[in-house]
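First up is the structure itself, then whatever we jot down about it.
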Amino acid sequence: MDKENLKRQAAARALEEVRSGMRLGLGTGSTAKHFVELLGEKVRGGLDVIGVPTSEVTRADAERCGIRLTTLDEIDHLDLTVDGADEVDTRLDLIKGGGGALLREKIVAAASDRMIVIADESKWVERLGRFPLPVEVIPFGLAATRRAIEKACGDVGAAGELKLRAGKDGHAFVTDGGHWIVDAHLGQISDAPRLAQLLSAIPGVVEHGLFIGIAGTVVLAGAEGIRTVERA
Ligand SMILES: O=C[C@H](O)[C@H](O)[C@H](O)COP(=O)(O)O
């Protein structure tokens, strides 16, 4: 079965958790897009939900699918966020931000009672870090921020190359929040919670793609079927 099919299966399983009246966080990326499309079908069939999108791309997708949208200024919290991930480890910690939406994704997930991650099995890893860790930064003082990121990574024994992400036009990729992204190619991160703390303490870092202790459930679709892993 191809990967898109697996992603859609994971999305369909997460959709089973959605009830009428729920306020939902809508993730970003190719897997989350399947969820938004399937949710749209249910909404057109009469399901009453309202969503907060985690990116402008998801906003456009959700609008196209007829899903009612709101903001975190208009409601005080969300019942459930469903989102993809670039890597998930056995503690259900994540790397996110491959699509550049990590900041809004983390704000929305943190405002939710529950986060379900949907993914194909290839995202499941023993240890985070093979996927380059996205770090969203302020353009001002970039060199100083890079040095601080380098030091933070080194302090947890996770040194590697830092690359400023480029957009399709060859210039720096700009996030929905107007920031840039530095991708840290670390190979493996032995202490992700500690690295998350160190990165959060750097003034030029807006947010990073380590989601520690946030996901409650992971739905993984593979050739053998779907498995659901709950946070211990
Ligand atoms: O910024 C993007 C998000 O964190 C995505 O959820 C993540 O990159 C996974 O995307 P995909 O489902 O396309 O692999």
Side-chain angles (χ1 to χ4, degrees), residues 1-15 24-39 51-62 78 80-89 92-112 114-125 128-137 163-168 172-186 189 192 196 199 205-212 214-222 226:
M1 191 179 299
D2 74 10
K3 232 177 214 184
E4 287 312 309
N5 224 315
L6 295 176
K7 292 175 187 177
R8 202 161 183 95
Q9 282 189 15
R13 176 59 62 87
L15 191 61
L24 300 172
L26 305 174
T28 295
S30 56
T31 318
K33 187 177 165 73
H34 286 294
F35 179 79
V36 169
E37 287 172 359
L38 292 171
L39 181 66
V52 173
T54 53
S55 64
E56 293 307 316
V57 170
T58 297
R59 174 190 304 286
D61 286 342
L78 297 164
L80 171 67
T81 285
V82 178
D83 202 348
D86 299 300
E87 281 185 351
V88 186
D89 74 8
L92 304 200
D93 290 336
L94 319 171
I95 287 184
K96 285 183 56 54
L102 63 137
L103 175 59
R104 291 189 187 183
E105 288 176 335
K106 201 178 279 189
I107 292 171
V108 167
S112 301
R114 184 179 177 206
M115 180 191 197
I116 300 180
V117 172
I118 50 177
D120 66 84
E121 276 280 358
S122 69
K123 305 289 183 67
W124 182 254
V125 297
L128 299 175
R130 196 182 51 208
F131 190 92
L133 174 64
V135 183
E136 186 157 347
V137 299
K163 289 187 187 163
L164 182 65
R165 190 180 297 182
K168 285 187 188 128
F173 173 87
V174 180
T175 67
D176 282 345
H179 311 122
W180 291 350
I181 288 186
V182 170
D183 288 305
H185 295 249
L186 303 175
I189 303 168
L199 290 173
V205 169
V206 183
E207 194 47 85
H208 54 77
L210 287 169
F211 282 49
I212 306 295
I214 297 177
T217 305
V218 176
V219 178
L220 293 162
I226 297 182

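For ligands, and for the atoms within them, numbers begin at 1 and follow the listed sequence.
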Got the closest protein heavy atom to [atom], with its distance?
atom                    : result
atom 13 (O) of ligand 1 : S30 OG, 2.5 Å
atom 14 (O) of ligand 1 : K123 NZ, 2.6 Å
atom 2 (C) of ligand 1  : G99 N, 3.1 Å
atom 12 (O) of ligand 1 : T31 OG1, 2.6 Å
atom 5 (C) of ligand 1  : T28 O, 3.1 Å
atom 9 (C) of ligand 1  : D86 OD1, 3.4 Å
atom 3 (C) of ligand 1  : E105 OE2, 2.9 Å

Consider side chain to side chain contact (heavy atoms under 4.5 Å, CB included). Of L92, V218, L80, L94, which one does M115 pass it with?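 Only match with M115 under side chain to side chain contact (heavy atoms under 4.5 Å, CB included): L94.
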
Looking at ligand 1, does G27 have a heavy atom less than 4.0 Å from it? no

Would you please name every residue forming a side-chain hydrogen bond (donor to acceptor under 3.5 Å, both in side chains) with E87, sequence neighbours left out?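 If we apply the side-chain hydrogen bond (donor to acceptor under 3.5 Å, both in side chains) test to E87, skipping adjacent residues, there are no hits.
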
With sequence neighbours left out, write down each residue that passes side-chain hydrogen bond (donor to acceptor under 3.5 Å, both in side chains) with R130, or none if nothing qualifies.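 Applying side-chain hydrogen bond (donor to acceptor under 3.5 Å, both in side chains) to R130 gives none.
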
Quick one, L39 and L15 - any side-chain contact, counting heavy atoms below 4.5 Å?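 They are in side-chain contact.
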
Does the side chain of V108 reach to within under 4.5 Å of the side chain of L78, using non-hydrogen atoms? yes

Answer yes when R165 and D183 have at least one side-chain N-carboxylate O distance shorter than 4.0 Å, and no when they do not.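 The answer is yes: the pair qualifies as a salt bridge.
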
Any salt bridge linking E56 with R104? Criterion: basic side-chain nitrogen under 4.0 Å from a carboxylate oxygen.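 Salt bridge: yes.
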
Only heavy atoms of G84, strictly under 4.0 Å: list the atoms of ligand 1 that pass.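 This gives 6 (O) as the contact atoms.
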
Within the 4.0 Å heavy-atom shell around D83, which atoms of ligand 1 are there?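 The atoms of ligand 1 under 4.0 Å from a heavy atom of D83 are 6 (O).
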
Would one find an N or O of [X], backbone or side chain, under 3.5 Å from an N or O of ligand 1?
X    : answer
G100 : yes
K7   : no
A101 : yes

Please check: side-chain N/O of T54 versus main-chain N/O of L26, any donor-acceptor pairing under 3.5 Å? yes

Taking every non-hydrogen atom, the tightest pair across G209 and L102: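 In this case the closest contact between G209 and L102 is N-CD1, 3.5 Å.
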
Ligand 1-proximal atoms of S55, by part, heavy-atom distance under 4.0 Å: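 Neither; nothing of S55 gets under 4.0 Å from ligand 1.
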
